[in-house]
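Everything below concerns the one structure shown next.
Whatever order the structure lists them in is the order used to number ligands and atoms, beginning at 1.
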Amino acid sequence: MEKRAYKERIIYQIYPLSFKDSNNDGYGDLKGIIEKLDYLKDLGIGMIWLSPIYASPLKDNGYDISDYYKINPLFGTMDDFDTLIKEAKKRDIKIVMDLVINHTSDQHLWFQEALKNKDSKYRNYYYFRKGNGKKPPNNWNSAFSGSCWERVPNEENMYYLHLFTKEQPDLNYHNEEVIKEVENILKFYLDKGVAGFRCDVINQIYKTSLDNGKFSLFSRGREHYENQEGNFKILERFRKDVLDNYDDVFLVGETSALTPKIGQEYIDRRALDMFFEFDHAFCKSFKLIPIFKKPFYKPKDLFKPIFKWQKEVSWIGAYLENHDQLRSVSRFGNENKFYKESAKALSLFLLSLKGTIFLYEGEEIGTLNYKNLTYEETNDCMAKNAVDSAMKILHVSKNRAFKWVNNTVNRDHARAPFEWDDSINGGFNDGHKPWLKINEHYKEINVKNEENDANSILNFYKQMIKFRNNSETLKYGNFKEVSSNNYVAKFLRKTDKESLLIVVNLSKKFFKDKKLDESKEILISNYNNHEKNLLKPFEAIIYKIK
Ligand code: NOJ
């Protein structure tokens, strides 16, 4: 297999608003990230993916960019960014940018010009269309609730397209100039030395037509803009025109609504180097139907989709958490009785998978969802829209709607300021009210506590990361599922030289297995006292097969 940096290094995602606030204004910033580079080096990661740091009104926390060539002043300056690249390089850490090009912010100059002047060339940077009688131009839905058309102020029956919030107008990829603009953005950051891009909703950028979508309650129109041939062609052009001129750089796509076959096609055509699948992220581990006390979840619901992708594609971005998901220990682990065990089991599981491993800030200390976040304290635009829609469509009270949204899709659980220590605001800053409230558990769950505890989740992550960094088999070996039941996963990672068997129990149950330890040597495990042929609750082991 071809050796590439992105295949060997663990990538750590930073949500800049929440990582470290160096100037005590309530928002994380680039200087804060620079301060913590030694922490990241010590953790063992090899790349940092920065969620968007560009100029933005932050309607969707940076996924609404108003200037691709400027850094949001809340985060610092372009000089700070250059320093970050330089300081990271000194520590052999590469930087990956978030590329958000399906849409811009409505505050972007292009869109502002397009609004001001019908004859401006920027009109054609976006989708402006006449309404259909009194209705919008088509029946598509926005991913963030409601129609994806917004009326243009002061113009008769004119709308613009936005697949996300109305402050995020979609760019028109039928326009050659838009493609050129994006190529220039890519070049600008590659020239600064970034190692690649995480490409936001990248399989939706090309709209083949604006015809009405097939009937569906929430996602009408997708057949016209998901994984279209035009989409592949644009990415192939980025590769040929730009990426191929740089050494060892890569694209990872954020791609919902994918099948393994289509995913593999992105890789085979070099449209993307890898992608994130969402099957496991949508597995039923949260309470989708609020009247039931517990979710109908079994660990197999997590294993099954992950293994499907492990088997069927040649490479993948493997993850359990990111800034859009609930915290993994709260979803798949056990917050109470087996907190540490379950967090470590998830760590061993993730870090044994095939593909590039993506960790999200806080995952390494086993941070959890908020226990008591209120609607008023919520910042997430998607969660707020979902509450409004639930109230309108289901006629439920705000409280009920929020409870449901908060348990299922409120992205703020992942966005709480990072817990560095037990001082005020968890050491995120020196006491200024943070943009989002600090998680209640910061006195117990924080980096400082865990650094001082040999048995902590953080120290286990460090051990596991080191193990993976030194293991050719985990980095480049094949994946083979051996047997899994509802609670325990077993899989092999294999090269010509070595076979590793990974056994992970993601439940509270004990399992006896006469052959568990037969002809095997334990290389790493999350229990210090493994008992022969017995798998304890949330016990996870990597064996070498003799
Ligand atoms: C996916 C990003 O991960 C999410 O945070 C954002 O809201 C949407 N794309 C829109 O850009």
Side-chain angles (χ1 to χ4, degrees), residues 11 13-19 28 49-66 68 72 96-108 111 126 140-146 148 150 161-171 173 182 185 197-207 218-219 221-222 225-227 231 251-258 272 274-278 280-282 317 319-327 358-361 363 378-386 389 405 408-416 435-436:
I11 304 187
Q13 182 191 353
I14 289 184
Y15 199 65
L17 276 172
S18 299
F19 194 59
W49 150 25
L50 290 173
S51 271
I53 55 169
Y54 318 90
S56 160
L58 299 183
K59 291 284 176 198
D60 188 15
N61 292 356
Y63 287 88
D64 49 325
I65 298 171
S66 54
Y68 291 89
N72 188 331
V96 177
M97 297 296 272
D98 215 310
L99 185 75
V100 189
I101 54 162
N102 175 67
H103 43 266
T104 66
S105 158
D106 63 351
Q107 300 305 307
H108 197 291
F111 190 72
Y126 298 90
W140 299 3
N141 304 97
S142 145
F144 287 171
S145 313
C148 60
E150 180 68 14
L161 178 76
H162 60 91
L163 291 187
F164 295 88
T165 68
K166 65 179 174 24
E167 292 89 2
Q168 293 165 299
D170 277 47
L171 285 167
Y173 281 89
V182 174
I185 296 166
F197 299 88
R198 173 271 188 191
C199 310
D200 192 64
V201 292
I202 199 66
N203 59 334
Q204 307 187 353
I205 62 174
Y206 187 85
K207 283 80 181 167
F218 298 112
S219 53
R222 291 182 165 269
Y225 60 78
E226 262 167 5
N227 305 311
N231 207 129
L251 297 182
V252 51
E254 190 218 17
T255 46
S256 62
L258 215 60
L272 295 169
M274 62 179 148
F275 49 79
F276 299 125
E277 55 83 17
F278 284 86
H280 78 282
F282 292 128
Y319 71 99
L320 291 176
E321 292 190 15
N322 62 42
H323 63 292
D324 293 333
Q325 309 296 326
L326 301 185
R327 290 294 185 173
F358 286 79
L359 290 179
Y360 179 61
E361 62 177 49
E363 195 171 354
T378 294
N379 166 280
D380 178 15
C381 61
M382 184 183 85
K384 289 188 157 170
N385 284 349
S389 300
V405 166
T408 52
V409 292
N410 191 345
R411 302 182 296 178
D412 282 350
H413 291 294
R415 300 173 177 187
W435 72 280
L436 186 62

*Could you please provide the protein residues found below 4.0 Å of ligand 1 on a heavy-atom basis, arranged by chain and number?*
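Within the 4.0 Å shell of ligand 1, which is judged on heavy atoms, sit Asp60, Tyr63, His103, Phe144, Phe164, Arg198, Asp200, Val201, Glu254, His323, Asp324, Arg411, Arg415.
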*asked:* Ser142: which residues meet the side-chain contact (heavy atoms from CB on, under 4.5 Å) condition with it, sequence neighbours left out?
replied: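 side-chain contact (heavy atoms from CB on, under 4.5 Å) list for Ser142, sorted by chain: Phe144, Cys148, His162.
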*For the residue pair Phe276 and Tyr319, categorise the inter-ring angle as parallel (less than 30°), tilted (30 to 60°) or perpendicular (more than 60°).*
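Ring orientation of Phe276 relative to Tyr319: perpendicular.
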_Between Asn203 and Asn227, is there a side-chain donor-acceptor contact under 3.5 Å, judged purely by atom types and distance?_
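Per modelled atom types, Asn227 and Asn203 side chains form a pair under 3.5 Å.
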*Going from CG on Asp64 to SG on Cys381, what distance comes out if it is rounded to the nearest 0.5 angstrom?*
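Rounded to the nearest 0.5 Å, the CG-SG separation comes to 8.0 Å.
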*Contacts of Asp106 that satisfy salt bridge (Lys or Arg N to Asp or Glu O under 4.0 Å) - sequence neighbours left out*: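 Salt bridge (Lys or Arg N to Asp or Glu O under 4.0 Å) list for Asp106, sorted by chain: empty.
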_salt bridge (Lys or Arg N to Asp or Glu O under 4.0 Å) partners of Arg198, counting only residues at least two apart_ =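 Partners of Arg198 by the salt bridge (Lys or Arg N to Asp or Glu O under 4.0 Å) criterion, ordered by chain and then number, come out as Asp98, Asp200, Glu254.
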